[in-house]
S.K.: 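There's a structure below that I have some questions on.
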Amino acid sequence: MPELPEVETVRRGLASVVTGRRVDAVRVLHPRPVRRHLAGPDDFAATLAGRRFAEPRRRGKYLWLPFDDGDALLAHLGMSGQFRVDAAGAEAGRHTRVVLGLDDGNELRFVDQRMFGGLSLSPGGADLPSEVAHIGRDLFDPDLDQESVVARIRRRGSGIKRVLLDQTVTSGIGNIYADESLWRAGVHYDHPADRLAPRRVRALLGAARDVMTEALAAGGTSFDALYVNVNGESGYFDRTLDAYGREGQPCRRCGTPIRRERFMNRSSFTCPRCQRPARG
DNA sequence: CTGTGGTCCTGTATGC
DNA sequence: TGCATACAGGACCACA
């Protein structure tokens, strides 16, 4: 489940291997990941050929590979998307969906089992694709105005986890890091956002930034082969998760068994003692 | 505008 | 053994 630290790990991996490389032939093996390219898979392949990559960029969970002509290849990994860089002759896995030949004999391969992710060409999108314009700045963005994020969060009446997962408020947080941040800050997932004091919201955002910084240093979180870096290696941050996936195991702060509950049609892991629901 | 719930996808795990 | 069902969930969209 690629969230900000995993996408940033991929971005860094791509930066060292695709920057300055020219795209040769492109093969689309499955049409779904290029569904946002309305002119179709063949046009997608033809329009990419011959362009040269600049340094990959990211906002939240969106990743884009600018070309030196001002356009960009926009990517979202969805649930299970991966970028792999392999020698052109190397065997490709069965979930390989799009292959971009590069001018150094390598191939950039977009691999995606569940195909929630995808690629598209963003005209003029080198600096910030229009498709990403509605996404809020993430907590690693030097231009983030944190106090305006705090204010936006506190204008919302829904549960705080729903607001954390709203990528237009601040981006990059998914189900795993939402649960981890809430655990660290001692906040219940369904606490109405507009009933959290400003200092608690600041603490929550600080916790989110901390946990994602630590995850990034560990190369990202992974439970299986669904998230890997561009060399096919998994991160190991899952060994240090405090809440997510720890149902029945003792809270590392107070020893109370972690509880799993359904919220927004997904699992939420909380400590029933450290994260009390709001009263009323 | 805000809030909510359905939908897309496939592989793995579990139940009968 | 085999079939059906649940589950994983990010982004988007329809609708109240």
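All chains are named by letter (A, B, ...) in the order of the sequence lines, taking the proteins before the strands, and each is independently numbered beginning at 1.
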S.K.: Given dT4(B), dT10(B), dC12(C), identify the nucleotide with an atom nearest to the side chain of Y62(A).
M.R.: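 When the side chain of Y62(A) is considered, dC12(C) is the closest of dT4(B), dT10(B), dC12(C).
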S.K.: Does atom CZ of R259(A) have more than 12 heavy-atom neighbours from other groups under 6.0 Å away?
M.R.: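 Count not over threshold, so no.
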S.K.: Would you classify G117(A) as touching base, sugar-phosphate or nothing, given that sugar-phosphate means primed atoms plus P, OP1 and OP2, and contacts are heavy atoms under 4.0 Å?
M.R.: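 No contact.
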S.K.: Quick one: which of dG11(B), dT2(B), dC8(B) gets closest to the side chain of R156(A)?
M.R.: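 When the side chain of R156(A) is considered, dT2(B) is the closest of dG11(B), dT2(B), dC8(B).
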S.K.: Is the phosphate of dT4(B) approached by R162(A) (side-chain N or O, under 4.0 Å from OP1 or OP2)?
M.R.: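 True: R162(A) side-chain N/O within range (under 4.0 Å) of dT4(B) OP1/OP2.
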S.K.: What pairs meet the ring pair (Phe, Tyr, Trp, His ring centres under 6.0 Å) rule with one or both residues in residues 117-137 of chain A, with sequence neighbours excluded?
M.R.: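 As it turns out, there is no ring pair (Phe, Tyr, Trp, His ring centres under 6.0 Å) pair with a partner in residues 117-137 of chain A once direct neighbours are skipped.
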S.K.: Check whether any side-chain N or O of H76(A) sits under 4.0 Å from OP1 or OP2 of dA11(C), and answer yes or no.
M.R.: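 Yes.
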S.K.: Please give me the minimum heavy-atom distance between N106(A) and A87(A), naming the atom from each residue.
M.R.: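 Closest approach of N106(A) to A87(A): OD1-CA, 3.6 Å.
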S.K.: State, without any angle test, whether R97(A) and Q113(A) hold a side-chain donor-acceptor pair at a distance under 3.5 Å.
M.R.: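 Judged by distance alone, the side chains do not pair up.
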S.K.: Considering only side-chain heavy atoms of H95(A), which listed nucleotide, dG10(C), dT10(B), dC12(C), is closest?
M.R.: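 So the side chain of H95(A) is nearest to dT10(B).
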S.K.: Let's see if you can work this out: which of dC12(C), dG10(C), dT4(B) has an atom nearest to the side-chain heavy atoms of L165(A)?
M.R.: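 Minimum distance to the L165(A) side chain belongs to dG10(C).
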S.K.: I want to verify a distance call: between dT10(B), dC8(B), dA11(C), whose nearest atom is closest to the K61(A) side chain?
M.R.: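 Nearest to the side chain of K61(A) among the choices is dA11(C).
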S.K.: Over how many whole Å does the gap from E6(A) atom CD to dA8(C) atom C1' extend?
M.R.: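 Those two atoms, CD and C1', are 15 Å apart.
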S.K.: Should we count CZ of R253(A) as having more than 12 external heavy atoms under 6.0 Å?
M.R.: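 Enclosed.
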S.K.: Tell me: CG of D194(A) to P of dT2(B), nearest whole Å?
M.R.: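 So the CG-P distance, D194(A) to dT2(B), works out to 12 Å.
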S.K.: Among dA11(C), dT10(B), dT4(B), which is the nearest nucleotide to the side chain of M115(A)?
M.R.: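 In terms of side-chain proximity for M115(A), the closest of dA11(C), dT10(B), dT4(B) is dT10(B).
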S.K.: Using OP1 and OP2 only, check whether a side-chain N or O of R94(A) sits under 4.0 Å from dG11(B).
M.R.: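 For dG11(B), OP1 or OP2 has a side-chain N or O of R94(A) closer than 4.0 Å.
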S.K.: Mapping M264(A) and H30(A) onto DNA chain B by nearest heavy atom, which one lands closer to the 5' end?
M.R.: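 Nearest nucleotide further toward 5': that of M264(A).
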S.K.: For R262(A), look at atom CZ and say whether over 12 heavy atoms of other residues, nucleotides or ligands are found less than 6.0 Å away.
M.R.: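 Correct, the count exceeds 12.
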S.K.: Base, sugar-phosphate or nothing for R155(A)? Non-hydrogen atoms, less than 4.0 Å.
M.R.: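 Counting heavy atoms under 4.0 Å across all strands, no contact is made by R155(A).
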S.K.: Considering only side-chain heavy atoms of H134(A), which listed nucleotide, dA8(C), dC12(C), dG10(C), is closest?
M.R.: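 The answer is dC12(C).
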S.K.: To the nearest Å, give me how far apart CD1 (I153(A)) and C1' (dG3(B)) are.
M.R.: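 These atoms are roughly 17 Å apart.
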S.K.: Answer with base, sugar-phosphate or nothing: what part of the nucleic acid does R35(A) contact at a heavy-atom distance below 4.0 Å?
M.R.: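 No contact.
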S.K.: Nearest whole angstrom, please: distance from the P of dG3(B) to the CD of Q167(A).
M.R.: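 Roughly 16 Å, once rounded to whole Å.
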S.K.: N175(A) has an atom CG; how far is it from atom C1' of dA8(C), in whole Å?
M.R.: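 In whole Å, dA8(C) C1' lies 10 Å from N175(A) CG.
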S.K.: Measure CD/Q113(A) against C1'/dG10(C) and give the value in whole Å, please.
M.R.: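 In whole Å, dG10(C) C1' lies 15 Å from Q113(A) CD.
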S.K.: Evaluate side-chain contact (heavy atoms from CB on, under 4.5 Å) for D43(A) paired with H37(A), printing each intermediate quantity in order.
M.R.: CA-CA 8 Å; D43(A) 186 85; H37(A) 189 85; 2.8 Å; yes
S.K.: Can you see whether W183(A) has R246(A) sitting over its ring - NZ or CZ less than 6.0 Å from the centre and within 45° of the normal?
M.R.: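 So R246(A) doesn't make the cation-pi contact.
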S.K.: Taking all heavy atoms of P5(A) and all of T9(A), pick out the closest pair and write down the distance.
M.R.: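 Residues P5(A) and T9(A), closest heavy atoms: O-OG1, 2.7 Å.
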S.K.: Quiz question: going by heavy-atom distance under 3.5 Å, is there a donor-acceptor pair between the base of dA8(C) and the side chain of R266(A)?
M.R.: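 Between dA8(C) and R266(A), which were checked side chain against base, a qualifying N/O pair under 3.5 Å is absent.
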S.K.: Starting at CG of L164(A) and ending at P of dG10(C), how long is that distance when rounded to a whole Å?
M.R.: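 Result: 12 Å.
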S.K.: Return the nearest nucleotide to the side chain of S267(A); candidates are dT2(B), dC12(C), dA8(C).
M.R.: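 The answer is dA8(C), which lies nearest to the side chain.
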S.K.: Between P on dT4(B) and NZ on K161(A), what's the gap in Å once rounded to a whole number?
M.R.: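 Those two atoms, NZ and P, are 15 Å apart.
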S.K.: Report the secondary structure of DNA chain B in dot-bracket form, marking unpaired bases with a dot and bases paired to a different strand with |, and treating Watson-Crick or G-U pairs with both distances under 3.5 Å as paired.
M.R.: .|||||||||||||||
S.K.: If only side-chain N and O atoms of R262(A) are considered, is one of them under 4.0 Å from the OP1 or OP2 phosphate oxygen of dA8(C)?
M.R.: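 R262(A) to dA8(C) OP1/OP2: side-chain N or O found under 4.0 Å.
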